[in-house]
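Sequence lines set the chain letters: A, B, ... in the order given, protein chains first and strands last, and positions in each chain run from 1.
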Amino acid sequence: MYRIILKILKTGLLTEPLSVTSPESPAPFLPVAKSLSIRHVDAGSCNACELELHALSGSYYAPERQGIRFVSSPRHADLLLVTGPVTCHMEQALKDTHDAMAFPKAVLAVGDCACNGGVFRGSPAVRNGVDAIFPGTAKIPGCPPSPNILLSALRGLSRPVSGDLPASS
Amino acid sequence: MTEEKNMQDDLFFPPVRTTSATSGSEYLSEATSMKNLGGRFLALWSTDHPGRFVCAAFSDAEGLRILRAPVAETSRTFPSITHLFPLASRPERTVRDFTGWTPEGLADTRPWLDHGFWKNAPAGERDYPFVRVEGEGVHEIPVGPVHAGIIEPGHFRFQVVGEKVLRMEERLGYTHKGIRALLRNRPVEDVARLSGRVSGDSAVAYQWALAQAMERATRTFPPERALYLRAVLLERERIANHLGDLGALGNDAGFGFGLVQFGRLKEDLLRNNDRVFAHRYLMDMVVPGGLRENPGKEDISILLEDVRRLQRDVQLLKIIYDEHGGLQDRFSGTGVLDPMLAGDWGLGGVVGRASGQMLDLRHDHPAWPYNRERIPVALSRRGDVGARVQVRFQEIRHSLAFLHTVLTLLPEGPVRTPLRECGSLAEGTGRIEGFRGEVLVWVCLEKGNIVADAYFHDPSWHLWPALERVVPGNLVADFPLINKSFNPSYSGHDL
Ligand code: SF4
C-alpha cells in the first residue's frame, strides 16, 4: 500500500495547462455550456482513432475539467462522435444510435476516415464518411487526430452558440 | 546460382515453402500430413492470382508452408480442412462469402463477414442464426455492435444462467472495409499506406510484414540499418500496446491507479514517437525497401533515454500489481485458456504463450536483426488473465533489454534502397510477430510493381474463436476483463 501512495505522491499532478484553441477547429455549434456529453461510435475505424480517444481521456489532457465526458448511453449524449469510414455493416447501428439521442444533438466526424472515407475511400463496403448519413457534419481531420487537436476542437464546440444562454457563475 | 540466392534469402527472410496441389484430394492429403507432422494452421484465403486458388498457410519447425488448392471453374468447390484444423472454419466461410466457392464438408453453412448489405455480393443472411441454449432459467444477453465505451464494434450473444455464462457466440464483420478489393491494381506505395491501417495499433507489424513480402517478391535487400530500426519500431509498438493493456486491465479490475500510471507511460512513449518518427503510432515509417527517414544521433539518444526510464518505472509498477491482493484475486483463475486447447490449435502470441505455448516468431524463425540480437520467449503455463498480465510484463522487460542492445549497436549507413522492379507476376510472403501475435502478409505483384492481389492475416482470427471457448463458466461481469486480456482486433479480423 505504501508503495502506491508513494508513487502517487511522486507522480504529482500530470494534467497540463490548456493550449489555445486551434483555428482549424470546427466553429461552435452546440447549444451547451461548460458541459459536453459525448457518445462515441466506431463506424469501422482501423482502431488508431480509438487509441487517440483513449489517450485523450488520460491524465495529461483530462477533458473532464472542461465538462467534456464520454457517456455509455446515447440517451445521455449531446454529441455523437463518429470514427471510421462508416462501413455498410455499421450504417444501421450508427443511425439507431443517433435516433436514440435526445434533442438538441449534433454529430462530429473524427479522423480522415469519418471525414471523407480516408484511405478506404472508394471501397464498395464503405459509405465514404459520415456525410453520407448525416450531411453537413462538422469534422476534425487527421489520421489519427492527436489528443491535443481533439481537446481543443471539443472545447470549442461546448461554448454557447450565442450570448442568450445563461452562463453559469 | 539459385542456391546462393536462396542462402541470401534465408538470411534476410524467414523460410517459406509453397506447394501447389493439383487436385482437391491432393490438397486434403497434404493438409492431413501437415496435421500429423504437428503443423499449426495460420490462415486461409482465396485468390485469382496466379490462378483460381484457395491458399492455406501453416507453420512448422521449418518455417512457413503455403498449400494451394485449385478451384475448378465448373464445380467451384474446394475441400474443407476444418475437421483437421478447427480454426479454418471462419476463414473458409469467408472465402465462400466473397467468391461463392463451396468448402466441401464444412458443417457450418452460415455466412461470416457478409451481413448481406453490400452491393454486387452474394447476399448473407440478415438475421444471423445464433446457436441457442434451451433450458430452465437460461436467458440471453445480446451485446453490441455498439458497446458501452470507446471500443470497436462487434456483437456478442451470451446465454447465461444467473451470473454464469453457459455459452458465448461472436458475430463479427461490422468493421469490414473491403480492404482486399481496394488494394487490387494499386501501386505499392498506396498498398503500403493501406496496410498500416488494417489494424492501427499494429501499424509497424503490418507495414513490415508487407515490406518483407514485397522485398522477397522483388529480391530487394534493404540496408542493415533499416532492419535494425524496424525492430526498434516494432518493439516500441509492442511496448506501447502492452502498457495500454496493462493499464486497462488494472482499471477493469477496479484499480484506476494502474490506468493513470500506465496511461502516462504510454503517452510519454507516443509523444517521443511523434518527436523522432513524426507519427504517434509510427504509421508509414516502414516502407518497402527500408525506412522513410533516417533518425540522427540525437534521436537515438532520446530513444535510449526512453528505455532507461521505462525499465525503472515498469519494474516498480509490476511490484505494485503483484502485491495488490484485490487485483490478483480478480486476475487469477479468471478466463482460463486450457494449455491443451492452446496446443491443439497452435495458438501463439501473448495468449498462446500465457497458456504454455513456446511460440514466438522473433525466436523461432527470426528475421534480421532478431537472428543477431536474440530475444527470449516470455512464458506462463497458468492460462488465466493473470498469466496474460505476467507475459505482458515479461515481454516489456525483454523488449526493453533488446532495444538497449540494438540502439547501442545500431549500424551506420542509409536506410532505404529502391524496390527493384519485378519482371512478371511475383509472389512474396512476410511474417512478423506483432504485439498480439503473428501477422502474415501475402502479396502478388504484377509487372511494374502493381499489386495484383494481397492478403493480410491478423492473429485475431485465432484469438476470437479461443475467446469463445474461454468465456463459458465465467461470470458475465468478468467478460470485459477476459476480453481485454485477449485484446483481439476487430478491424484486423474484419479487413
Ligand atoms: S482516420 Fe486514420 S487512424 Fe483514424 S480510423 Fe481512419 S485510418 Fe485509422
Side-chain angles (χ1 to χ4, degrees), chain A residues 1 3-4 6-8 10-11 14 38-61 70-74 81 83-85 87-94 96-97 100 111-113 117-126 143-144 146-147, chain B residues 113-115 117-121 144-153 173-179 181-182 190 193-194 196-203 240-241 244 247-248 257 259-261 263-264 266-268 270-271 274 279-281 283 316-317 319-320 323-324 489-492 494:
Chain A
M1 192 67 202
R3 274 198 238 273
I4 300 176
L6 202 67
K7 181 70 186 166
I8 291 172
K10 265 201 192 153
T11 308
L14 294 174
I38 305 171
R39 172 66 242 209
H40 161 250
V41 169
D42 173 341
S45 93
C46 78
N47 78 28
C49 275
E50 280 64 54
L51 294 180
E52 290 300 41
L53 290 173
H54 278 293
L56 170 70
S57 310
S59 314
Y60 281 123
Y61 306 100
F70 288 89
V71 296
S72 306
S73 170
L81 189 159
T83 55
T87 58
C88 298
H89 292 172
M90 275 308 287
E91 184 179 347
Q92 193 55 46
L94 182 64
D96 291 348
T97 310
D112 288 350
C113 284
V119 287
F120 306 110
R121 191 176 177 81
S123 158
V126 307
C143 186
S146 73
Chain B
L113 289 188
D114 188 358
H115 293 200
F117 290 104
W118 308 321
K119 301 157 242 168
N120 318 321
V146 179
H147 298 159
I150 303 171
I151 338 176
E152 295 180 79
Y174 290 93
T175 70
H176 176 76
K177 293 179 272 289
I179 291 178
L182 206 54
D190 287 12
R193 198 173 147 74
L194 206 53
R197 287 145 181 93
V198 171
S199 181
D201 50 16
S202 305
N241 281 303
F257 167 88
L259 185 67
V260 171
Q261 294 291 341
R264 171 224 190 170
K266 181 176 181 183
E267 182 65 18
D268 288 341
L270 297 180
R271 286 179 176 191
D274 195 32
H279 198 289
R280 284 162 55 88
Y281 298 96
M283 284 175 177
L316 175 66
L317 291 178
I319 295 173
I320 292 178
E323 285 182 348
H324 196 292
S489 167
Y490 299 71
S491 184
D494 295 350

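For a residue to count as touching a neighbouring chain, one of its non-hydrogen atoms must lie under 4.5 Å from one of that chain's; by this rule A:Ser45 touches chain B with the backbone only. With a 4.5 Å cut-off on non-hydrogen atoms, B:His147 touches chain A through its backbone but not through its side chain. Using a 4.5 Å cut-off between heavy atoms, B:Tyr281 touches chain A through its side chain atoms alone. Using a 4.5 Å cut-off between heavy atoms, B:Ile151 contacts chain A through its backbone alone, with no side-chain atom that close. Only the side chain of B:Leu182 comes within less than 4.5 Å of a heavy atom in chain A; its backbone stays farther off. Residue contact with chain B, scored on non-hydrogen atoms closer than 4.5 Å, is absent for A:Cys113. The parts of A:Phe120 that come within reach of chain B are both its backbone and its side chain, each placing non-hydrogen atoms under 4.5 angstrom from that chain. With a 4.5 angstrom heavy-atom cutoff, A:Val119 touches chain B via backbone and side-chain atoms both.
Counting heavy atoms from C-beta on, the side chains of A:Leu51 and B:Lys266 come closer than 4.5 Å. Inter-residue side-chain proximity for A:Asn47 and B:Tyr490 is flagged as unmet; no heavy-atom pair is nearer than 4.5 Å. Looking at B:Glu152 and A:Cys46, their side chains never come closer than 4.5 Å, going by heavy atoms from C-beta outward. B:Arg280 places a side-chain heavy atom less than 4.5 Å from the side chain of A:Pro147. Contact of the A:Thr87 side chain with the B:His176 side chain is not registered, since no non-hydrogen atoms from C-beta on lie closer than 4.5 Å. Counting heavy atoms from C-beta outward, A:His89 and B:Pro145 have side chains that stay 4.5 Å or more apart. Within the 4.5 Å cutoff, no side-chain heavy atoms of B:Glu267 are placed close to those of A:Leu14.
Note: B:Leu316 CG to A:Lys10 NZ = 7.5 Å, rounded to the nearest 0.5 Å. Here B:Ile319 contributes atom CD1 and A:Arg3 contributes atom CZ; the two are 5.0 Å apart, rounded to the nearest 0.5 Å. Atoms CG and CD1, from A:Leu56 and B:Ile150 in turn, are 7.5 Å apart once rounded to the nearest 0.5 Å.
Interface check for chain A: of the options B:Arg193, B:Glu323, B:His324, B:Lys177, the most heavy-atom pairs under 4.5 Å are formed by B:Lys177. Contact count versus chain A (heavy atoms, under 4.5 Å) is highest, among B:Asp201, B:Asp274, B:Thr175, for B:Asp201. Of the listed residues B:Gly173, B:Ala181, B:Gly492, the one with more heavy-atom pairs under 4.5 angstrom with chain A than any other is B:Gly173. Of the listed residues (A:Ser59, A:Gly58, A:Cys49), the one with the most heavy-atom contacts under 4.5 Å to chain B is A:Ser59. If you tally non-hydrogen atom pairs under 4.5 Å between each of A:Glu52, A:Arg39, A:Glu50, A:His40 and chain B, the highest count goes to A:Glu52. Top candidate by heavy-atom pairs under 4.5 Å with chain B, chosen from A:Ala43, A:Ser146, A:Ala55, A:Cys143, is A:Cys143.
Closest approach of A:Ala125 and B:Gly178 over heavy atoms only: CB-N, 3.8 Å.
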